[in-house]
Amino acid sequence: MIMKQYNLGPNGASIMVTYIMATNICKLQSDVDSINPKFLIIDTPGQIELFVYRNSSPFLIENLQADEKMNIFVYYGSIVDTPNNFVSVSLLVASIRLRLNIPTPNVLTKIDLIQNKLEKILKWSNEPSKLEQQISNELNNEKYTLTTSILRSLNMDGLFNEILPISNIKNFGFSDLEVTINRMMNLES
């Protein structure tokens with residue numbers, strides 16, 4: 001509907017939707033209040049520019065009234081299966097955390113598709129030194145220097161977070177995610 005009404009492609013329509021939501025924040029808040037949900041989950045498309053480069057998403061987070069707010073970042077297993085990609089995506093997560101300034105647990109999805117790499121990816125998230133070792137084995141000097149500098153900075157600044165594996169197919173990991181959400185919210189309260 002938005003694409004047709006404003007003559008936009010998919011990316012432009014996603015951006016337009018956030019602007020429409022922001023300009024209608026009072027109506028959105030009223031709709032949420034009338035439902036009075038225990039939890040409100042807003043699922044957004046994987047359009048990182050909506051959160052990093054646009055003002056409407058931080059505006060929505062700041063102005064939508066709720067007792068507690070959180071962003072859950074989804075790492076797609078098939079994308080973060082190399083050390084360089086893992087660090088690149090972790091940098092994006094850090095950008096979003098800095099921009100939105102709300103707790104952000106990380107989940108690793110599609111684990112059924114990466115069973116042979118799952119253990120390695122989880123080690124990278126739990127032990128950045130293992131990731132750095134893998135980086136030194138796989139990248140040339142220039143990429144090694146840049147990637148390890150980013151990794152060390154993220155780790156030193158506390159922006160490097162553990163990743164929770166989940167599987168919709170096996171219904172795996174959701175209780176761990178719930179525990180993490182509760183722990184993070186209690187810490188932020």
* Any chance you could lay out the side-chain contact (heavy atoms from CB on, under 4.5 Å) test for Ile72 and Ile181, step after step, and finish with the verdict? => CA-CA 9 Å; Ile72 298 174; Ile181 289 169; 3.9 Å; yes
* Under the side-chain contact (heavy atoms from CB on, under 4.5 Å) criterion, do Leu164 and Asn106 qualify, and how do the steps go? -> CA-CA 6 Å; Leu164 302 167; Asn106 302 313; over 6 Å; no
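By the 4.5 Å heavy-atom criterion applied to side chains, Val107 and Pro165 are not counted as neighbours. Looking at heavy atoms from C-beta onward, Val89 lies out of side-chain contact with Tyr76 at the 4.5 angstrom threshold. Residues Asn84 and Ile135 form no side-chain contact, since every pair of their non-hydrogen atoms from C-beta on lies 4.5 Å or further apart. Between Thr23 and Phe59 there is no side-chain heavy-atom pair separated by less than 4.5 Å. For the pair Leu28 and Leu60, the minimum side-chain heavy-atom distance is below 4.5 Å. Residues Met70 and Pro103 meet the side-chain proximity criterion, which asks for heavy atoms closer than 4.5 Å. The shortest side-chain heavy-atom distance between Asn55 and Tyr19 does not fall under the 4.5 Å cut-off. Looking at heavy atoms from C-beta onward, Met185 lies out of side-chain contact with Asn182 at the 4.5 angstrom threshold.
Leu64 and Ile96 end up in different hydrophobic clusters when Ile, Leu, Val, Met, Phe, Trp and Tyr side chains are linked at under 4.5 Å. No continuous path of ILVMFWY side-chain contacts below 4.5 Å connects Ile42 to Ile15, so the two sit in separate hydrophobic clusters. Criterion: ILVMFWY side-chain heavy atoms under 4.5 Å apart, direct or through other members. Under it, Phe174 and Val179 are not part of a common hydrophobic cluster. Leu40 and Ile61 are members of different hydrophobic clusters when ILVMFWY side chains are connected at heavy-atom separations under 4.5 Å. Hydrophobic clustering (side-chain heavy atoms under 4.5 Å, transitive across Ile, Leu, Val, Met, Phe, Trp, Tyr) groups Leu118 together with Leu131.
Atom CG of residue Asp112 and atom CD1 of residue Ile169 lie 4.0 Å apart, to the nearest 0.5 angstrom. Note that CZ of Arg97 is 10.5 Å distant from CD1 of Ile102, once rounded to the nearest 0.5 Å. One distance of note links CE of Met3 with CG of Asn7; it measures 9.5 Å at 0.5 Å rounding. Between atom NZ of residue Lys69 and atom CG of residue Leu100 there is a gap of 10.5 Å, rounded to the nearest 0.5 Å. Interatomic distance, Leu154 CG to Arg152 CZ, rounded to the nearest 0.5 Å: 12.5 Å. Rounded to the nearest 0.5 Å, atoms OG (Ser56) and CD1 (Ile25) are 10.5 Å apart.
Put simply, the side chain of Thr147 never gets that close to the backbone of Tyr144: no donor and acceptor are under 3.5 Å apart. The main-chain N or O of Leu122 is found under 3.5 Å from a side-chain atom of Asn126 such that the two form a donor-acceptor pair. Within the 3.5 Å criterion, the main-chain N or O of Ile163 finds a donor-acceptor partner in the side chain of Ser125. A distance-only check finds a donor-acceptor pair linking the side chain of Asn140 to the backbone of Lys143 [under 3.5 Å]. At distances below 3.5 Å, at least one donor-acceptor pair connects side-chain atoms of Gln65 with backbone N or O atoms of Asn63. Side chain of Arg99 to main chain of Arg54: a donor-acceptor pair is present (N/O by atom type, distance under 3.5 Å, no hydrogens or angles). Side-chain N or O atoms of Lys170 include none that pairs as donor or acceptor with a backbone N or O of Ile111 at under 3.5 Å. Between the side chain of Lys123 and the main chain of Lys130, no donor-acceptor pair closer than 3.5 Å is present. Without hydrogens or angle criteria, Asn155 side chain to Leu151 main chain gives no donor-acceptor distance under 3.5 Å. In this structure, Asn71 contributes its side chain and Thr104 its backbone to no donor-acceptor pair below 3.5 Å.
Remark: Glu138 CD is packed, more than 12 non-hydrogen atoms of other residues, nucleotides or ligands lying under 6.0 Å away. More than 12 heavy atoms of other residues, nucleotides or ligands sit less than 6.0 Å from atom CG of Asn137. Counted within 6.0 Å of CD on Glu142, heavy atoms from surrounding residues, nucleotides or ligands total 12 or fewer; the atom is thus considered open.
Residues Gln134 and Pro83 come closest through the heavy atom pair CG-CG, 3.4 Å. Closest non-hydrogen pair, Ile121 versus Gly77, comes out as CD1-O, 4.1 Å.
Taking the six-membered ring where the residue is Trp, the centroids of Tyr75 and Phe73 are separated by under 6.0 Å.
For the side-chain contact (heavy atoms from CB on, under 4.5 Å) test with Ile114, the passing option among Leu108, Val80, Thr109 is Leu108; the others fail.
A side-chain N or O of Gln29 and one of Asp33 form a donor-acceptor pair less than 3.5 Å apart.
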